[in-house]
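In what follows, a structure is listed as structure tokens, so that the remarks can point back to it.
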Amino acid sequence: MNEQITQADLTADQHLMVGGVDTLALAQKYQTPLYVYDTGAIRQEINAFKAVFDANDVPYQISYASKAFAAVAMYQIAAQEGIHCDVVSGGEMYTAKQAGFPMDRISFHGNNKSIDELTQALDYGVGCIMVDNFYEMQLLTDLTNQREQTVQVMLRVAPGISAHTHDYISTGQEDSKFGFDLNSGQADEAVKLAQAAPYLDLIGIHCHIGSQIFELDGFKMIVDKLVTIFARWQTTLGFYPRVMNVGGGFGVKYTSEDQPLLPTEFVDAIVKETIAQTKAQKVPMLEIWIEPGRSLVATAGMTLYTLGASKDIPGIRKYLAVDGGMGDNIRPALYDAKYEAVLAKNPTLPSKEVVSIAGKYCESGDMLIWNQKLPATQPGDVLAVLDTGAYGYSMASNYNRNPRPAVVFCENGHDQLVVQRETFADLTRLDVPLVTPEKIEN
Ligand SMILES: *Cc1c(COP(=O)(O)O)cnc(C)c1O
């Protein structure tokens with residue numbers, strides 16, 4: 001049996017469960033492909049983070065990086081758990097507002113926020129805008145001056161530290177499109193500009209060094225680097241940041257080969273390093289903010305598919321095709337991300353063969369899983385691809401004009417539809433037919 005599954009995840013008939021609900025019943029009720037979440041598991045992850053901060057008795061804030069999975073119901077869960085949320089676009093900000101999420105607990109990120117988006121953030125009264133660059137600093141200074149409206153800001157800095165992870169998802173090194181460079185003095189200049197702007201309330205400094213990080217070193221290095229700079233800024237600029245935001249990126253276990261630290265181990269290390277460094281460098285203790293995205297939702301979610309065609313190339317490979325693929329999970333094609341699948345009707349059956357799971361999209365690269373062991377399967381069997389809760393739905397597309405799947409939340413044996421399945425009518429809803437149906441010959 002897949003080591004991520006335990007007997008507690010199975011019904012009496014050995015069907016895979018999610019949040020206490022039988023996945024075969026879910027596939028029947030809502031059709032496939034289907035994203036399903038155990039929302040109890042999301043709450044547990046949030047509470048595990050809170051517990052580490054509380055045990056260390058330090059001021060903190062947890063801000064869910066909602067790009068990992070954004071939907072009205074997800075913002076509602078974050079609101080119920082009393083945490084903050086990061087948004088990175090007008091659309092995410094709008095969705096959070098539609099969910100009734102408290103806007104003063106929103107942080108607005110992005111390296112090219114438009115005037116419209118900044119105006120929207122000020123209209124909504126978002127809690128904090130993460131200023132990324134000099135252009136944005138000027139836009140926001142002008143806007144807040146015109147409106148005579150104060151807004152809290154943090155500066156995003158690029159600390160020149162790279163986490164050991166995939167190039168496309170590492171963002172903390174100097175050569176990055178994000179943030180004010182620390183080493184060349186750009187960040188000092190940005191602090192001065194924010195201090196001089198009458199309506200910008202500079203509460204702290206933010207950095208985010210990457211995603212799916214498996215080691216503590218990167219986080220310890222950014223704490224050391226930031227606290228050292230804060231000590232210098234106290235004397236050179238009279239600037240005492242109240243908040244140090246170290247971003248997210250805590251690695252999660254997608255396959256049995258991944259051996260990440262517990263997300264809470266990262267936080268414990270960050271907190272202890274911050275306490276030690278602030279003492280040593282005579283910097284007042286900082287409020288520590290973290291921005292977990294993936295680690296809150298990845299392993300809480302899975303995708304249910306129905307098996308269809310198969311192709312066995314003797315001596316080469318056996319392909320099993322599912323009714324979804326790169327349109328609902330682009331990560332294998334985009335990042336070479338790895339997943340594991342189990343047969344929903346009985347994950348405990350002994351493996352019979354090595355198969356590769358293909359999608360239904362017209363691309364050879366539309367593969368979800370290469371070479372994993374599975375029991376014997378038949379067309380119509382439900383396959384559960386595990387740990388798809390982060391960057392699955394949120395990166396979904398209508399490629400090949402496939403409607404995007406529905407999303408269902410499960411908790412304590414109850415299921416609730418939270419995003420409807422798209423229909424064909426949704427696919428043409430925004431299309432505008434030609435005004436002249438006849439071709440005009442000249
Ligand atoms: C993407 C992102 C995060 C979350 O990263 P995860 O790997 O999902 O934890 C946090 N902060 C910022 C600024 C981000 O861009």
Side-chain angles (χ1 to χ4, degrees), residues 1-49 51 69 77 250-265 294-307 320 322 324 329 337-355 357 368-369 371-378 380-390 392 407-418:
M1 179 162 61
N2 184 291
E3 66 171 57
Q4 299 188 55
I5 309 281
T6 68
Q7 209 60 41
D9 300 316
L10 304 177
T11 65
D13 303 340
Q14 305 294 296
H15 298 175
L16 179 64
M17 286 196 295
V18 58
V21 184
D22 185 334
T23 52
L24 290 187
L26 290 168
Q28 188 83 47
K29 181 171 174 184
Y30 299 103
Q31 314 302 305
T32 59
L34 185 70
Y35 299 105
V36 293
Y37 283 86
D38 174 354
T39 43
I42 298 175
R43 297 183 205 279
Q44 266 174 30
E45 294 295 337
I46 294 171
N47 285 309
F49 278 125
F69 170 54
I77 300 253
F250 314 117
V252 305
K253 187 180 178 80
Y254 284 105
T255 72
S256 17
E257 272 155 39
D258 290 338
Q259 299 296 340
L261 299 162
L262 290 174
T264 49
E265 292 178 275
R294 182 192 314 276
S295 56
L296 293 190
V297 293
T299 58
M302 64 175 81
T303 313
L304 305 179
Y305 299 98
T306 302
L307 287 172
L320 298 181
V322 296
N329 188 354
K338 305 279 188 286
Y339 290 92
E340 287 173 356
V342 299
L343 203 52
K345 71 180 175 194
N346 189 349
T348 66
L349 286 176
S351 297
K352 180 178 163 282
E353 56 189 356
V354 173
V355 296
I357 309 299
L368 291 174
I369 298 171
N371 305 331
Q372 88 145 72
K373 286 187 187 147
L374 266 191
T377 57
Q378 291 175 337
D381 281 346
V382 174
L383 193 75
V385 175
L386 305 177
D387 307 326
T388 58
V407 184
V408 172
F409 278 4
C410 301
E411 194 166 346
N412 297 326
H414 298 283
D415 56 275
Q416 193 205 320
L417 180 72
V418 296

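All residue numbers in this chain count up from 1 along the given sequence.
Of all the heavy atoms in Ala341 and Gln372, the pair that sits closest is N-OE1, 2.7 Å. In this structure, Leu374 and Thr377 approach most closely via the heavy-atom pair CD1-CG2, 4.1 Å. Across all non-hydrogen atoms, the minimal contact from Asn371 to Val354 is CA-CG1, 3.7 Å. When every heavy atom of Leu34 is checked against every heavy atom of Val408, the shortest pair comes out as CD1-CG2, 3.9 Å. Of all heavy-atom pairs spanning Cys410 and Val18, the tightest one is CB-O, 3.3 Å. Residues Ala8 and Met17 come closest through the heavy atom pair O-CE, 3.5 Å.
Results of the side chain to side chain contact (heavy atoms under 4.5 Å, CB included) test with Val322 over Ile369, Thr32, Thr303, Ile357 single out Ile357 as the only residue that passes. Under the side chain to side chain contact (heavy atoms under 4.5 Å, CB included) test applied with Leu24, the options Asp13, Leu304, Val382 reduce to a single match, Val382.
Here the CD1-OG distance, from Ile46 to Ser295, works out to 10.0 Å after rounding to the nearest 0.5 Å. Taking CE from Met302 and CG from Asp387, the interatomic distance works out to 8.0 Å, rounded to the nearest 0.5 Å. Taken from CG in Asp22 to OG1 in Thr11, the straight-line distance is 5.0 Å, to the nearest 0.5 Å.
With sequence neighbours left out, Glu353 forms a salt bridge (charged side-chain N to carboxylate O under 4.0 Å, His left out) with Lys318. With sequence neighbours excluded, the residues that form a ring pair (Phe, Tyr, Trp, His ring centres under 6.0 Å) with Phe49 are Phe250. By the ring pair (Phe, Tyr, Trp, His ring centres under 6.0 Å) test, Tyr37 is found to be paired with Phe69, Phe409, residues two or more places apart in sequence or in another chain being considered. Residues meeting the salt bridge (charged side-chain N to carboxylate O under 4.0 Å, His left out) test with Asp9, sequence neighbours left out: none. Partners of Thr264 by side-chain contact (heavy atoms from CB on, under 4.5 Å), not counting sequence neighbours, listed by chain and number: Ala48, Val52, Leu262. Checked against side-chain hydrogen bond (donor to acceptor under 3.5 Å, both in side chains), Lys29 has the following partners two or more places apart in sequence or in another chain: Asp415. By the side-chain contact (heavy atoms from CB on, under 4.5 Å) test, Asn346 pairs with Gln14, Thr348, Leu349, sequence neighbours left out. Listed by chain and residue number, nothing satisfies the side-chain hydrogen bond (donor to acceptor under 3.5 Å, both in side chains) test with Asn412 (two or more places apart in sequence, or in another chain). Every residue meeting the side-chain contact (heavy atoms from CB on, under 4.5 Å) condition with Ser256, not counting sequence neighbours, appears here in chain and number order: Glu3, Glu340. Legend: residues meeting salt bridge (charged side-chain N to carboxylate O under 4.0 Å, His left out) with Asp381, ordered by chain and number and at least two apart, are Lys345. Residues meeting the side-chain contact (heavy atoms from CB on, under 4.5 Å) test with Asp258, sequence neighbours left out: Gln212, Phe214, Lys253, Tyr254, Thr255, Pro260.
Looking only at side-chain heavy atoms (C-beta outward), Leu386 and Ile5 come within less than 4.5 Å of each other. The side-chain heavy atoms of Leu320 and Leu383, taken from C-beta on, include no pair separated by under 4.5 Å.
The number of heavy atoms from other shown groups lying within 6.0 Å of CD (Glu265) is above 12.
Evaluation of the ring pair (Phe, Tyr, Trp, His ring centres under 6.0 Å) test over residues 2-35, restricted to residues two or more places apart or in two chains, returns Tyr35-Tyr393.
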Practice prompt. Could you give me the CA-CA distance, side-chain angles and deciding distance for Val385 and Tyr305, then say whether side chain to side chain contact (heavy atoms under 4.5 Å, CB included) is met?
Written response: CA-CA 8 Å; Val385 175; Tyr305 299 98; 3.5 Å; yes
